[in-house]
Amino acid sequence: MLDVLGSLERTHTCGELRESEVGSQVVLMGWVAKKRDFGELVFVDLRDRDGITQVVFKSDNFVVVHDELPTNEGGQITFMGEVVDSSEALNKARFLRREFVIAIKGEVVNRGDKKNEDLDTGEIEVHADELLILNTSRVLPFQLEVAGSENLAAEDTRLKYRYLDLRRPQLQHNIRMRAKAVRAIREYFDERGFIEIETPILLKSTPEGARDFIVPSRIHTGKFFALPQSPQILKQLTMISGFDKYYQIARCFRDEDLRADRQPEFTQLDMEMSFANQETAYREIEGMFNHVFEKVGGIELPAEWPRMTYAEAMRRFGSDKPDLRFEMELGDLTDTARTIEFAPFQATENVVKCIVLKGVKDIENRKVGEIINIHDISRKSLDDLEEFVKRYGAKGLANIRIGFEAESVFSEWPDPADDIPEEKQGVVKSSLMKALGFNKLYRLINATNATPGDVILIVAGRKSVVAAALGALRVEIAKRENLIDRSAYKPLIVTEFPMFEHDEVTDRYTAAHHPFTSPMDEDLEKFTTAVNDESQHHLLGEVRAKAYDAVINGYECAGGSIRIHQKDVQALNFKALGMSLESARTQFGFFLDALEFGTPPHGGFAAGIERTCMILCGTENIRDVMAFPKTASAQDLMMDSPGEVDHAQLQELGIDTILDA
RNA sequence: GGAGUCGUAGUUCAGUUGGUUAGAACGCCAGCCUGUCACGUUGGAGGUCGCGGGUUCGAGUCCCGUCGGCUCCGCCA
């Protein structure tokens, strides 16, 4: 083939032409999305990243076919010699197949009453008089356009041919949305005087936090770099260097198991500023997200986001990243339950909490997003929900179902605990009926805000288990019952995170955020006591940090903290974490040194680009907002990575592999 | 590391109690068709039922193991 484009130059994209261009000569280039062949009349839906335009090949206006022409013999498409003949030419348009790449030149024609309402370009079509076949294509291993996403080919097939899957308009849209988001982030921080600084990808491994990806050094045989889990220390060093305001779109790596919203490599907006307190940081979080959501999605978030402490979030929602698009807050039954003789209620380490599913009689007219239809709560779905909470360590899920008839029964006997006749007690049904009896159940009902028609779901157990179980159940039910308003965006800043997490196996405290997070001023004394007085060590569990998260629609989109800038507090923290000064020096010596040379108070946050884009794109899967993602088992099915390495290459690095037989 | 779930034509799926030659739709190939846009129509090709083993006269179907996709727990900001 010669110079395939010849003298043609693209004048428009396939999503661009409108009635106003009617009459003009245009050149379009793109992929054959579909062909409708009538013999003497051929329609082609021509697709590029911008859209689809219908191209018409007719014998009376289609005169020139450039270049070499394909022929199909025994299913094998090959090129033949050049033909430039008008009637012959049309036949050649019939050789076009899906995903052939072509250029066409022609006139824009008004479709009149043949408009296609489903197409942005539907009011026009292009009558081709020149066709240039730029490339052929094999039949695709799966169909790009199918009715309904549930009919898409299996994801592993699509991941193997990711470059084809990316041709789908949905993924095209998501990836471009992501580009817009990153651009909006840069806009925001550039505008506000932040300096973009790149930090190294080859760092040093540290045992804290997630598992590192390790890179061997050839020059220093036997030694290894580690890829950044985040540029945490380096961005703090830029503060010590006096850059004052830093940001970076930073690739991060964590060698941990994957989830629907977690990949081994991901991108975060990383920012840090000097002379900042929590409020300064909150303002930047709000400012950045508000700018991005407005620019990218035209979505207006509140100028000031609601704030909630970690403790309150856990108490009300059983989660540190509550989805505020729906209600269903957790109710506390612990006090009432204590008065009831029932082993799970009595255990002193246990709390008893519940969620109330609001019932409604008029199923047809229920308001989506507010009210649940308890008529759907069958025996089986209650069992389902119990299975669900058990995954989080709950021993069981008790239920109390209050019939609508309870309305009249409760009003006839205002104090039903004593007076309701046995034959009327059937208005309440419960998995605890046998164990507790009607009167005790009634006390529990009274301790909630449940009304006739509602279902109460109860979990008793250790505080952390109850929160995890009910917090997850709340979201699960909202999804199953379609209680979530998909057009709503509910941001939240969660504050006062605990400084430490307790590891029950080793009875040690680990950094909840990271080891450079500052404790809250109010808790500094407690912190000091806990570290210095062995007997008060447990107080570490109560120390709160100047750490915060940004949560949108139940996703943790950003997290950050005010850092420790004083070396004695930092030393205290290492001690709390059970790290000797020597081992701290080995790992972070350079950083401890740096802290002693005039470190300004500073803090910042990091925002997950993918999670933010997931919300903007309305998807629950991180792979939908990444161009080339990995599978749940951390493999790339397209390039088949990770792969083995040549023996000589390993030898040069002084590395041998040990494989389990 | 653990649990759940799925795996049948290129794709999405159906496949009865274990029983003849494993079906449908879309896609693909060939023919016809000048206004389609989910074109229509006629005909055709296309299968290691993920893989391995077992039970059985007989396995897509039952059993055991294994591999892979997805989701969740553990793990992970």
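Each chain gets a letter, A, B and so on, in the order its sequence line appears, and its residues count up from 1.
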Visitor: Taking any heavy-atom pair under 4.0 Å as a contact, classify A:G39: base, sugar-phosphate, or nothing.
Guide: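 Contact class for A:G39: base.
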Visitor: Sequence neighbours left out, what passes salt bridge (Lys or Arg N to Asp or Glu O under 4.0 Å) with A:K353? Give chain and number order.
Guide: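 With neighbours one apart ignored, the set is empty.
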Visitor: Show me the protein contacts with nucleotides 8-14 of chain B, counting only N or O atoms at under 3.5 Å.
Guide:
{"from": "B:G10", "atom 1": "O2'", "to": "A:P141", "atom 2": "O", "distance (Å)": "2.5"}
{"from": "B:G10", "atom 1": "N2", "to": "A:Q143", "atom 2": "OE1", "distance (Å)": "3.1"}
{"from": "B:U12", "atom 1": "OP1", "to": "A:A154", "atom 2": "N", "distance (Å)": "2.3"}
{"from": "B:U12", "atom 1": "O2'", "to": "A:N151", "atom 2": "OD1", "distance (Å)": "3.3"}

Visitor: Report which part of the nucleic acid A:Q229 touches: base, sugar-phosphate, or nothing (heavy-atom distance under 4.0 Å, all strands).
Guide: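 Sugar-phosphate, no base atom in range.
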Visitor: Please measure how far the C1' atom in B:G4 lies from the corresponding atom in B:G47, and state the result in whole Å.
Guide: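 Rounded to whole Å, the distance is 30 Å.
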Visitor: Do the rings of A:H514 and A:F516 sit parallel, tilted or perpendicular, given the 30° and 60° boundaries?
Guide: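 It falls in the tilted class, 30° to 60°.
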Visitor: With rounding to the closest Å, how many angstrom separate the C1' atoms on B:A77 and B:C13?
Guide: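 Between the two C1' atoms, the distance is 41 Å.
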Visitor: Could you check whether A:G209 gets within reach of a base, just the sugar-phosphate, or nothing at all, counting any heavy atom under 4.0 Å?
Guide: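 Since only primed, P, OP1 and OP2 atoms lie under 4.0 Å of A:G209, the category is sugar-phosphate.
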Visitor: Any idea how A:Y247 and A:F189 line up, ring-wise: parallel (<30°), tilted (30 to 60°), or perpendicular (>60°)?
Guide: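 Geometry flag for A:F189 against A:Y247: parallel rings.
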Visitor: Just do the salt bridge (charged side-chain N to carboxylate O under 4.0 Å, His left out) check on A:R211 and A:E256 with the steps written out, would you?
Guide: CA-CA 6 Å; A:R211 277 180 272 250; A:E256 296 292 347; 3.0 Å; yes
Visitor: Name the pairing partner of B:A45, where a pair is Watson-Crick or G-U wobble with both distances under 3.5 Å, or state none.
Guide: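 No nucleotide pairs with B:A45.
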Visitor: How far, in whole Å, is B:A14 from B:G23 if one measures between their C1' atoms?
Guide: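 B:G23 and B:A14 have their C1' atoms separated by 7 Å.
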Visitor: Expressed in whole Å, how much space separates the P atoms belonging to B:G46 and B:C29?
Guide: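 About 16 Å, rounded to a whole number of Å.
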Visitor: Roughly how many Å is it from CZ in A:F57 to P in B:U36, rounded to a whole number?
Guide: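 That distance rounds to 19 Å.
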Visitor: Measure the distance from NZ on A:K321 to P on B:C76 and round it to the nearest whole Å.
Guide: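 Between P of B:C76 and NZ of A:K321: 15 Å.
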Visitor: Closest approach to the side chain of A:E256, judged atom by atom: which nucleotide of B:G27, B:A77, B:C76 is it?
Guide: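 Looking only at heavy atoms from C-beta outward on A:E256, the closest nucleotide is B:C76.
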Visitor: What's the closest nucleotide to the side chain of A:L637 if the choices are B:C32, B:G69, B:A77?
Guide: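 That would be B:G69.
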Visitor: Would you kindly give the CZ-to-C1' distance between A:R97 and B:C29, to the nearest whole Å?
Guide: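 Going from A:R97 (CZ) to B:C29 (C1'), I get 8 Å.
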Visitor: Given that both distances must come in under 3.5 Å, which nucleotide forms a Watson-Crick or G-U wobble pair with B:U20?
Guide: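 In the structure as shown, B:U20 has no Watson-Crick or wobble partner.
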Visitor: Looking only at the side chains, is there a donor atom on one of A:Q229 and A:D212 sitting less than 3.5 Å from an acceptor on the other?
Guide: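 Result is yes, a qualifying pair exists.
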Visitor: Answer with yes or no whether the side chains of A:Q248 and A:T199 bring together a donor and an acceptor at under 3.5 Å.
Guide: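 The criterion, which ignores hydrogens and geometry beyond distance, is satisfied for A:Q248 and A:T199.
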Visitor: Which whole number of Å gives the distance between the C1' atom of B:A9 and that of B:A22?
Guide: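 Looking at atom C1' only, B:A9 and B:A22 are 10 Å apart.
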Visitor: Answer yes or no: does a side-chain N or O of A:S230 lie under 4.0 Å from OP1 or OP2 of B:A77?
Guide: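 Checking A:S230 against B:A77: no side-chain N or O falls below 4.0 Å of OP1 or OP2.
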Visitor: Protein within reach of the bases, or only the backbone? For nucleotides 37-46 of chain B, mark each nucleotide 5' to 3' as B, S or -, using heavy atoms under 4.0 Å.
Guide: BSB-------
Visitor: In residues 602-610 of chain A, which ones come under 4.0 Å of RNA chain B, going by heavy atoms?
Guide: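 Those residues: none at all.
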Visitor: Are the side chain of A:K35 and the backbone of A:R94 linked by a donor-acceptor contact shorter than 3.5 Å?
Guide: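 Side chain of A:K35 to backbone of A:R94, a donor-acceptor pair under 3.5 Å: yes, one is there.
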Visitor: A:E40 or A:E501: which one's nearest nucleotide on RNA chain B is closer to the 5' end?
Guide: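 Its nearest nucleotide being more 5', the pick is A:E40.
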Visitor: Could you tell me whether A:R623 contacts a base, only the sugar-phosphate backbone, or nothing, with contacts defined as non-hydrogen atoms closer than 4.0 Å?
Guide: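 A:R623: backbone/sugar contact only, no base atoms under 4.0 Å.
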Visitor: If a pair satisfies ring pair (Phe, Tyr, Trp, His ring centres under 6.0 Å) and one of its residues is in residues 623-644 of chain A, list it, with sequence neighbours excluded.
Guide: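 For residues 623-644 of chain A, and leaving out neighbouring residues, there are no ring pair (Phe, Tyr, Trp, His ring centres under 6.0 Å) pairs at all.
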Visitor: Both distances below 3.5 Å, Watson-Crick or wobble geometry, any strand: find the nucleotide opposite B:C37.
Guide: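 Base partner found: none.
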Visitor: My understanding is that only residues two or more places apart in sequence, or in another chain, count here; which of them pass ring-ring contact (aromatic ring centres under 6.0 Å, His included) with A:F43?
Guide: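 Counting only residues at least two positions away or on another chain, A:F43 forms a ring-ring contact (aromatic ring centres under 6.0 Å, His included) with A:F38.
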Visitor: How many whole angstroms separate atom CD1 of A:I622 from atom P of B:U71?
Guide: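 After rounding, the reported distance stands at 11 Å.
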Visitor: Specify the residue among A:D549 and A:D156 whose closest nucleotide of RNA chain B lies further upstream toward the 5′ end.
Guide: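 The 5'-side residue here is A:D156.
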Visitor: Give me the distance, rounded to whole Å, that separates B:C49 from B:C26 when you measure between the P atoms they each carry.
Guide: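 Here B:C49 and B:C26 have their P atoms 25 Å from each other.
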Visitor: In whole Å, what is the span from the CZ atom of A:R211 to the C1' atom of B:C76?
Guide: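 That distance rounds to 9 Å.
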Visitor: What pairs with A:Y282 under ring-ring contact (aromatic ring centres under 6.0 Å, His included), at least two apart in sequence or on another chain?
Guide: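 With neighbours one apart ignored, the set is A:Y548.
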Visitor: Once ring-ring contact (aromatic ring centres under 6.0 Å, His included) is applied, do any residues pair with A:W305, and if so which ones, sequence neighbours excluded?
Guide: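 Counting only residues at least two positions away or on another chain, A:W305 forms a ring-ring contact (aromatic ring centres under 6.0 Å, His included) with A:F289.
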Visitor: For B:C26, give the paired nucleotide (Watson-Crick: N1-N3 plus N6-O4 or O6-N4; G-U: N1-O2 and O6-N3; both under 3.5 Å), or none.
Guide: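 For B:C26, the partner nucleotide comes out as B:G10, under the 3.5 Å rule.
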Visitor: Does the pair A:E99 and A:R47 meet the rule for a salt bridge (charged side-chain N to carboxylate O under 4.0 Å, His left out), with working shown?
Guide: CA-CA 9 Å; A:E99 303 307 313; A:R47 184 198 72 236; 2.9 Å; yes
Visitor: Once you round to the nearest 0.5 Å, how far does CG of A:L637 lie from OG1 of A:T157?
Guide: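 It is 9.0 Å, given to the nearest 0.5 Å.
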Visitor: In chain order, what residues pass the ring-ring contact (aromatic ring centres under 6.0 Å, His included) check against A:Y246, with sequence neighbours excluded?
Guide: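 In terms of ring-ring contact (aromatic ring centres under 6.0 Å, His included), with neighbours along the sequence ignored, A:Y246 is linked to no residue.
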Visitor: Using atom C1' of each nucleotide, how far apart are B:A45 and B:C28 to the nearest Å?
Guide: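 Each nucleotide's C1' atom is 9 Å from the other's.
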Visitor: Give one of base, sugar-phosphate or nothing for A:Y392, where a contact means two heavy atoms less than 4.0 Å apart.
Guide: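 Sugar-phosphate, no base atom in range.
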Visitor: Side chains of residues 495-502 of chain A: which donor-acceptor pairs under 3.5 Å do they make with residues two or more places apart or in other chains?
Guide:
{"from": "A:E496", "atom 1": "OE1", "to": "A:R544", "atom 2": "NH1", "distance (Å)": "2.8"}
{"from": "A:H502", "atom 1": "NE2", "to": "A:D507", "atom 2": "OD1", "distance (Å)": "2.6"}

Visitor: Under a 3.5 Å cut-off for both distances, is B:A59 Watson-Crick or wobble paired, and to whom?
Guide: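 Matched B:A59 with nothing under the 3.5 Å cut-off.
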Visitor: Closest approach to the side chain of A:L159, judged atom by atom: which nucleotide of B:G74, B:C70, B:G68 is it?
Guide: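 Given the options B:G74, B:C70, B:G68, the side chain of A:L159 is closest to B:C70.
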Visitor: Suppose you measure atom P in B:A25 against the same atom in B:U71; what distance do you get, rounded to whole Å?
Guide: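 Approximately 33 Å lies between the P atom of B:A25 and that of B:U71.
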Visitor: For RNA chain B, which residues in residues 258-270 of chain A have a heavy atom at a distance below 4.0 Å?
Guide: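 A:R259, A:A260, A:R262, in order of number.
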Visitor: What's A:H513 touching, base or sugar-phosphate or nothing? Going by heavy atoms closer than 4.0 Å.
Guide: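 A:H513: base contact, heavy atoms under 4.0 Å.
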Visitor: Who are the salt bridge (Lys or Arg N to Asp or Glu O under 4.0 Å) partners of A:K630, not counting sequence neighbours?
Guide: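 Residues passing salt bridge (Lys or Arg N to Asp or Glu O under 4.0 Å) with A:K630: A:E265.
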Visitor: Give a yes or no on this: more than 12 heavy atoms of other residues, nucleotides or ligands lie within 6.0 Å of atom CZ of A:R262.
Guide: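 Yes, the 6.0 Å shell around CZ holds more than 12 heavy atoms from other groups.
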Visitor: For B:G35, does the base pair up with any side-chain atom of A:E125 as donor and acceptor (N or O, under 3.5 Å, distance only)?
Guide: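 Donor-acceptor pair under 3.5 Å: yes.
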Visitor: What nucleotide among B:C33, B:U71, B:A77 has an atom nearest to a side-chain atom of A:R254?
Guide: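 Per side-chain heavy atoms of A:R254, the pick is B:A77.
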Visitor: Round to a whole Å and report the spacing from CD of A:E620 to C1' of B:C72.
Guide: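 It is 14 Å, rounded to the nearest whole Å.
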